[in-house]
Amino acid sequence: MNKGELIKAMVEKTGFSQKDAAAAYEAFVASVTDALKAGEKVQLVGFGTFEVKDVAAKTGINPKTGASVAIPACKKPVMKFGKAYKDSFNN
């Protein structure tokens with residue numbers, strides 16, 4: 001499912017117009033992004049948690065040349081699904 005298919009599914013499930021569903025999708029993504037950039041966690045009970053993790057600096061290897069490459073530390077957005085959501089696929 002891509003963005004367009006998700007918006008169509010939202011239209012079918014909510015009865016919103018295509019324009020309203022697209023606006024709701026964009027607002028959701030923007031709200032989560034803004035919260036993560038501000039250092040906050042976004043917890044959606046029954047679904048999961050969005051947060052930003054710090055990734056330590058490390059040394060990698062260029063597979064083409066075999067040379068060592070320094071990979072700097074960075075921040076990485078992650079999504080961890082909740083137990084109830086994961087369990088819904090196994091019942």
Side-chain angles (χ1 to χ4, degrees):
M1 177 181 282
N2 60 32
K3 177 182 172 181
E5 293 167 342
L6 176 60
I7 291 171
K8 285 180 185 175
M10 291 170 62
V11 167
E12 291 172 9
K13 291 187 183 288
T14 63
F16 290 169
S17 69
Q18 183 87 13
K19 185 178 178 182
D20 289 342
Y25 168 83
E26 295 296 338
F28 173 77
V29 172
S31 297
V32 170
T33 301
D34 291 345
L36 294 177
K37 284 182 178 180
E40 301 173 25
K41 277 187 186 181
V42 178
Q43 295 178 311
L44 305 174
V45 176
F47 183 63
T49 303
F50 296 91
E51 62 184 317
V52 175
K53 298 272 185 170
D54 290 320
V55 178
K58 58 187 174 186
T59 302
I61 297 174
N62 181 332
K64 197 171 195 179
T65 63
S68 294
V69 177
I71 301 171
C74 64
K75 294 181 183 287
K76 177 173 125 180
V78 295
M79 189 337 176
K80 180 179 175 188
F81 290 103
K83 183 177 180 344
Y85 186 74
K86 288 189 284 189
D87 289 346
S88 71
F89 291 93
N90 296 311
N91 291 332

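In what follows, residues are counted from 1 in the order of the sequence shown.
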Colleague: For F89 and Y85, take the angle between the two ring planes, folded into 0 to 90°, and tell me which bin it lands in: parallel under 30, tilted 30 to 60, perpendicular over 60.
Modeller: perpendicular

Colleague: For V11 versus S17, what's the shortest heavy-atom pair and its separation?
Modeller: CG2-O, 3.8 Å

Colleague: Given the rule that I, L, V, M, F, W and Y join up when any side-chain heavy atoms are under 4.5 Å apart, are F28 and V42 in one cluster?
Modeller: yes

Colleague: Nearest 0.5 Å, please: how far is SG in C74 from NZ in K53?
Modeller: 13.5 Å

Colleague: So among L36, V52, T49, which one has a side-chain contact (heavy atoms from CB on, under 4.5 Å) with K41?
Modeller: T49

Colleague: Are the side chains of K3 and E26 in contact, using a 4.5 Å heavy-atom criterion?
Modeller: yes

Colleague: Can you see which heavy atom on S68 is nearest to which on T59, and at what distance?
Modeller: CB-CG2, 3.9 Å

Colleague: Check the hydrophobic clustering (I, L, V, M, F, W, Y; side-chain heavy atoms under 4.5 Å; chains of links allowed) and say if F81 and V32 are grouped together.
Modeller: yes

Colleague: Can you tell me how far CD of E51 sits from CE of M79, rounded to the nearest 0.5 angstrom?
Modeller: 10.5 Å

Colleague: Indicate, with yes or no, if Y25 and F47 share a hydrophobic cluster defined by side-chain heavy-atom contacts under 4.5 Å among Ile, Leu, Val, Met, Phe, Trp and Tyr.
Modeller: yes

Colleague: Please give me the minimum heavy-atom distance between M10 and A24, naming the atom from each residue.
Modeller: CE-CB, 4.2 Å

Colleague: What distance separates I7 CD1 from F16 CZ, expressed to the nearest 0.5 Å?
Modeller: 12.5 Å

Colleague: Going from NZ on K8 to CE on M1, what distance comes out if it is rounded to the nearest 0.5 angstrom?
Modeller: 11.0 Å

